[in-house]
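Beneath this line is the structure, given in structure tokens, with notes to follow.
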Amino acid sequence: MKRVAIVVAPVLAIMAGIGIYGSAPKGAKHTEAWLEDMMLTEVGDYQLAPKEFGSKISYKMGDVSYEVLKPIGIACQIMEDSKGNQIDVVVIAGDSMEAFHDQKICFNAQGWTLTTLENRELETKTRGKIPITWMTIQRGDSPKQEAMYIFRTPNGFANYDSAKIEFLKAKVKDPFAETLGFSYRFVSMTPGITEQDLREFAANYIDQLNESTKGIL
């Protein structure tokens with residue numbers, strides 16, 4: 001099946017990234033390679049599409065994303081099932097609030113119309129019910145696409161507004177501690193992928209990441 005163009009321009013990477021549990025071993029430094037190495041290559045019927053930049057990565061964000069976010073790393077994947085359906089997956093790791101931005105602003109700036117913007121929940125097997133930001137986006141007359149953002153804070157998963165508060169609370173509690181942040185983005189790229197399809201994929205991805213990384217990611 002012909003590859004669908006990447007749905008989110010590089011600048012949309014500034015939509016995410018917040019604080020999370022844990023810190024690097026003393027003297028160690030997290031890197032983008034560290035993040036990429038933890039990414040999945042198979043989730044159910046979905047497998048990593050042709051790899052262009054590494055064994056577990058499908059594409060790279062542009063320089064502007066790194067300049068704005070100042071992340072530890074950004075890992076971008078296209079996952080494709082046996083029918084040719086594709087889902088865009090981006091995981092961002094950061095260690096400061098600079099990696100935490102409002103995704104609504106970035107979508108609008110890229111000419112996307114948000115027809116749905118809601119705080120919802122996602123049922124997972126290993127993490128229980130976690131809060132998510134759900135969006136339906138559309139550009140011009142193109143088909144609508146479903147998008148989901150998931151944020152983790154030092155005190156657990158949270159929606160956008162709560163995540164900002166929790167991350168700041170962690171910094172106030174211990175200004176000198178390294179606080180790792182992660183955001184997870186899932187966007188349907190093929191017409192016909194339903195909300196339920198994307199929810200099931202995201203839940204499976206989160207569960208498998210949790211198990212394969214022993215809770216790190």
Inset, instruction - Measure the shortest side-chain to side-chain distance between I74 and S65 over non-hydrogen atoms and say whether it is less than 4.5 angstrom. - result: yes
Legend entry - CD on E118 to CD1 on I132, rounded to 0.5 Å: 10.0 Å
Legend entry - Distance (rounded to the nearest 0.5 Å) between D207 CG and S212 OG: 10.5 Å
Inset, instruction - Give the minimum heavy-atom separation between M38 and L209, together with the two atoms involved. - result: O-CD2, 3.4 Å
Inset, instruction - Check whether any side-chain heavy atom of L217 sits under 4.5 Å from a side-chain heavy atom of F182, and report yes or no. - result: yes
Legend entry - Atom pair CD1 (I193) and CD1 (I87), whose distance is rounded to the nearest 0.5 Å: 4.5 Å
Inset, instruction - Answer yes when D88 and R185 have at least one side-chain N-carboxylate O distance shorter than 4.0 Å, and no when they do not. - result: yes
Inset, instruction - For S162 and A158, indicate whether the former's side chain and the latter's backbone hold a donor-acceptor pair under 3.5 Å. - result: no
Inset, instruction - List the steps, then state whether side-chain contact (heavy atoms from CB on, under 4.5 Å) holds for L35 with V91. - result: CA-CA 8 Å; L35 175 65; V91 178; 4.0 Å; yes
Inset, instruction - Identify the two heavy atoms, one from S82 and one from D45, that lie closest to each other, and give their separation to 0.1 Å. - result: OG-OD2, 2.8 Å
Inset, instruction - Taking all non-hydrogen atoms of both residues into account, name the closest pair between D81 and Y46 and its distance. - result: N-CD2, 3.5 Å
Inset, instruction - Say whether E32 and Y66, considering side chains only, have a donor N or O and an acceptor N or O under 3.5 Å apart. - result: yes
Legend entry - E195/R120 ion pair, N-O < 4.0 Å: yes
Legend entry - Rounded distance [0.5 Å steps], OG1 in T113 versus CE in M135: 12.5 Å
Legend entry - Nearest heavy atoms of Q138 and S142, plus distance in Å: NE2-O, 2.8 Å
Inset, instruction - Report yes or no: do T136 and E146 form a side-chain donor-acceptor pair below 3.5 Å? - result: yes
Legend entry - Sidechain-backbone polar pair: K129 side chain, L122 backbone, donor-acceptor under 3.5 Å: no
Inset, instruction - Indicate yes or no for a side-chain donor-acceptor contact from K70 to the backbone of E67 under 3.5 Å, with no hydrogens or angles considered. - result: yes
Legend entry - Heavy-atom check, side chain of D37 versus side chain of W34, under 4.5 Å: no
Legend entry - Any side-chain heavy-atom pair of I130 and I150 under 4.5 Å: yes
Inset, instruction - Would you indicate whether the side-chain heavy atoms of F201 and I206 approach each other to under 4.5 Å? - result: no
Inset, instruction - Examine the side chains of Y205 and N210 and answer whether a donor and an acceptor come within less than 3.5 Å of each other. - result: no
Inset, instruction - Kindly indicate whether the side chain of V90, heavy atoms from C-beta on, has any atom under 4.5 Å from the side chain of M61. - result: yes
Legend entry - Short side-chain to backbone donor-acceptor contact, N204 and V43, under 3.5 Å: no
Legend entry - Atom of P71, atom of A93 and distance for their closest heavy-atom approach: CB-O, 3.4 Å
Legend entry - Stepwise side-chain contact (heavy atoms from CB on, under 4.5 Å) test for H30 and I72: CA-CA 7 Å; H30 292 112; I72 288 173; 3.7 Å; yes
Inset, instruction - Output yes when K171 and E166 qualify as a salt bridge under the 4.0 Å nitrogen-oxygen rule, no when they do not. - result: no
Inset, instruction - Hey, can you tell me if F151 and Y160 have their rings parallel, tilted or perpendicular (30° and 60° cut-offs)? - result: perpendicular
Legend entry - Residue pair Q196 / E200, side-chain heavy-atom distance below 4.5 Å: yes
Inset, instruction - For the residue pair Q145 and W112, confirm or rule out a side-chain donor-acceptor distance under 3.5 Å. - result: no
Inset, instruction - Answer yes or no: is there a donor N or O on one side and an acceptor on the other, between the side chain of R199 and the main chain of E121, under 3.5 Å? - result: yes
Inset, instruction - Classify the side-chain pair T133/N159 by whether it contains a donor and acceptor separated by less than 3.5 Å. - result: no
Inset, instruction - Report yes if some heavy atom in the side chain of Y59 is under 4.5 Å from a heavy atom in the side chain of Q77; otherwise report no. - result: no
Inset, instruction - For residues S55 and T41, report the shortest heavy-atom separation together with the two atoms involved. - result: O-CG2, 4.3 Å
Inset, instruction - Evaluate the side-chain contact (heavy atoms from CB on, under 4.5 Å) criterion for residues R152 and Y184: first the C-alpha distance (whole Å), next the side-chain angles of each, then the deciding distance (0.1 Å), finally the verdict. - result: CA-CA 9 Å; R152 290 175 64 185; Y184 314 80; 2.9 Å; yes
Legend entry - Atom pair CG (L40) and CD (E211), whose distance is rounded to the nearest 0.5 Å: 10.0 Å
Legend entry - Residue pair I78, L48: steps toward the side-chain contact (heavy atoms from CB on, under 4.5 Å) verdict: CA-CA 6 Å; I78 301 298; L48 182 66; 5.9 Å; no
Legend entry - Spacing of OG belonging to S58 relative to CE belonging to M39, to within rounding of 0.5 Å: 9.0 Å
